[in-house]
Number of protein chains: 2
Amino acid sequence: MNKSRTRVLKTLEHAGGFASAQEVHQLITRQGERIGLTTIYRALQSLQKENIVDVLRRDDGEAIYRLCGDEHHHHLVCKKCGRTVEIEGGAIEKWAEAVAKEHGFREVGHSAEIFGTCSKC
Amino acid sequence: MNKSRTRVLKTLEHAGGFASAQEVHQLITRQGERIGLTTIYRALQSLQKENIVDVLRRDDGEAIYRLCGDEHHHHLVCKKCGRTVEIEGGAIEKWAEAVAKEHGFREVGHSAEIFGTCSKC
DNA sequence: AATGAAAATGACAATCATTTTCATTTCTGC
DNA sequence: GCAGAAATGAAAATGATTGTCATTTTCATT
């Protein structure tokens with residue numbers, strides 16, 4: 001963990017939800033701190049590899065990042081405004097394990113997302 | 001509905017699931033028919049507006065299209081050898097819709113994958 | 001302090017999907 | 001057939017993301 005990653009993390013926290021790489025960059029430079037866009041992308045990538053941030057896609061394909069808690073949950077995401085609801089995934093957990101066992105798979109993990117248009121949009 | 005849209009639709013059917021704009025274009029031109037990439041994009045856009053096709057995003061952000069109402073399935077993927085099994089997703093479909101409705105979301109879609117280690121690995 | 005190797009940084013160029021532009025072609029109803 | 005509208009496609013523009021590479025920073029060791 002180094003200075004840039006820390007700065008990006010703090011910015012994501014402060015953004016309180018989603019931010020694209022470019023938005024993170026703006027937020028930081030607007031505060032007078034100087035940092036390159038490339039560095040933001042790299043910081044976000046490594047944070048992603050370490051499972052500290054999640055990546056989603058906006059409708060136009062732009063990647064947006066957010067801090068993810070370490071409990072295993074799923075997301076319900078609004079395609080228009082990006083509003084996100086965290087969801088308990090008990091049903092899926094069981095489904096995933098059942099299906100995997102049925103096909104002889106071990107060490108099972110899964111990913112799942114639901115997306116749609118939220119009531120405000 | 002015109003010639004291009006029809007051609008794109010047929011290609012999507014034949015592709016049997018997902019295809020990006022570029023893939024649709026390749027599939028068509030490989031058959032010797034001549035069509036511009038721009039036209040593919042426009043056809044896909046209008047089909048999308050008419051709710052005939054759905055759009056999703058691949059991990060790298062590329063847009064992929066599929067016929068609406070296509071039964072869609074999920075994948076069980078081996079992390080080691082890449083072997084893939086297609087799965088019926090009935091349980092998830094219902095779960096996704098229920099959760100979404102509960103939170104007031106409309107026009108709901110979802111993605112889900114299970115990964116693990118297969119019996120041979 | 002001085003050194004030096006390895007990692008991090010950032011300006012810039014390259015890439016790649018998608019959109020725009022605009023001149024040309026094809027459809028449409030008459 | 002004909003005028004006007006819609007569709008087409010080649011090429012340029014756009015915009016996010018990644019690659020490159022020279023420079024800077026970090027940091028453990030002299």
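Just so it is clear, the model here is predicted, and its values are computed rather than measured.
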Check side-chain hydrogen bond (donor to acceptor under 3.5 Å, both in side chains) between B/Glu50 and all other residues, then give those that pass, not counting sequence neighbours. none

Contact under 4.0 Å: B/Thr39 side-chain N or O vs D/dT8 OP1/OP2: no

With the criterion being N/O to N/O and under 3.5 Å, what pairs connect the protein with nucleotides 19-27 of chain D, and how long is each?
none

From CA spacing to verdict: side-chain contact (heavy atoms from CB on, under 4.5 Å), B/Glu93, B/His110: CA-CA 8 Å; B/Glu93 322 282 326; B/His110 66 274; 3.4 Å; yes

Residue-level proximity of residues 29-36 of chain A to DNA chain C when a heavy atom falls under 4.0 Å: A/Arg34, A/Ile35, A/Gly36

Base, sugar-phosphate alone, or nothing: which one does B/Asn2 contact when heavy atoms must sit under 4.0 Å apart? sugar-phosphate

For B/Leu44 and D/dT8, give me the distance from atom CG to atom P, rounded to whole Å. 12 Å

Does the A/Arg66 side chain pair with the main chain of A/Ala19, one donor and one acceptor, at a distance under 3.5 Å? no

Considering the options B/Thr39, B/Val24, B/Leu27, B/Ile52, which one meets the side chain to side chain contact (heavy atoms under 4.5 Å, CB included) requirement together with B/Val8? B/Val24

Measure the spacing between NE2 of A/His103 and OG of B/Ser119 and express it to the nearest 0.5 Å. 10.5 Å

side-chain contact (heavy atoms from CB on, under 4.5 Å) involving A/Val53 - partner list, sequence neighbours excluded: A/Leu9, A/Leu12, A/Leu47, A/Gln48, A/Tyr65, A/Leu67

Taking only residues two or more places apart in sequence or in another chain, which ones pass side-chain contact (heavy atoms from CB on, under 4.5 Å) with B/Thr29? B/His25, B/Ile35

Going by side-chain hydrogen bond (donor to acceptor under 3.5 Å, both in side chains), name the residues that satisfy it together with B/Glu97, two or more places apart in sequence or in a different chain. none

side-chain hydrogen bond (donor to acceptor under 3.5 Å, both in side chains) involving A/Ser46 - partner list, sequence neighbours excluded: A/Arg5

With sequence neighbours excluded, what pairs up with A/Gln22 under the side-chain contact (heavy atoms from CB on, under 4.5 Å) test? A/Ser20, A/Leu37, A/Tyr41, A/Glu62

How long is the line joining CZ of B/Arg5 and P of C/dT26, in whole Å? 18 Å

Tell me the stems DNA chain D sits in, counting at least three consecutive Watson-Crick or G-U wobble pairs, each under 3.5 Å on both distances. C:1-30 with D:1-30

For residues B/Ile40 and B/Ile28, determine if any side-chain heavy atom of one lies less than 4.5 Å from a side-chain heavy atom of the other. yes

So A/His74 and A/Ile114, do their side chains get closer than 4.5 Å, heavy atoms only? no

Salt bridge (Lys or Arg N to Asp or Glu O under 4.0 Å) contacts in which one or both residues fall within residues 23-45 of chain A, not counting sequence neighbours: A/Arg7-A/Glu33, A/Glu23-A/Arg58

Please enumerate all protein N or O atoms sitting under 3.5 Å from an N or O of nucleotides 14-17 of chain C, with distances to 0.1 Å.
from: C/dA17; atom 1: O5'; to: B/Gln22; atom 2: NE2; distance (Å): 3.4

Give the rounded distance in Å between these two atoms: CD1 of B/Ile40 and P of D/dA10. 12 Å

Could you check whether A/Ser20 gets within reach of a base, just the sugar-phosphate, or nothing at all, counting any heavy atom under 4.0 Å? nothing

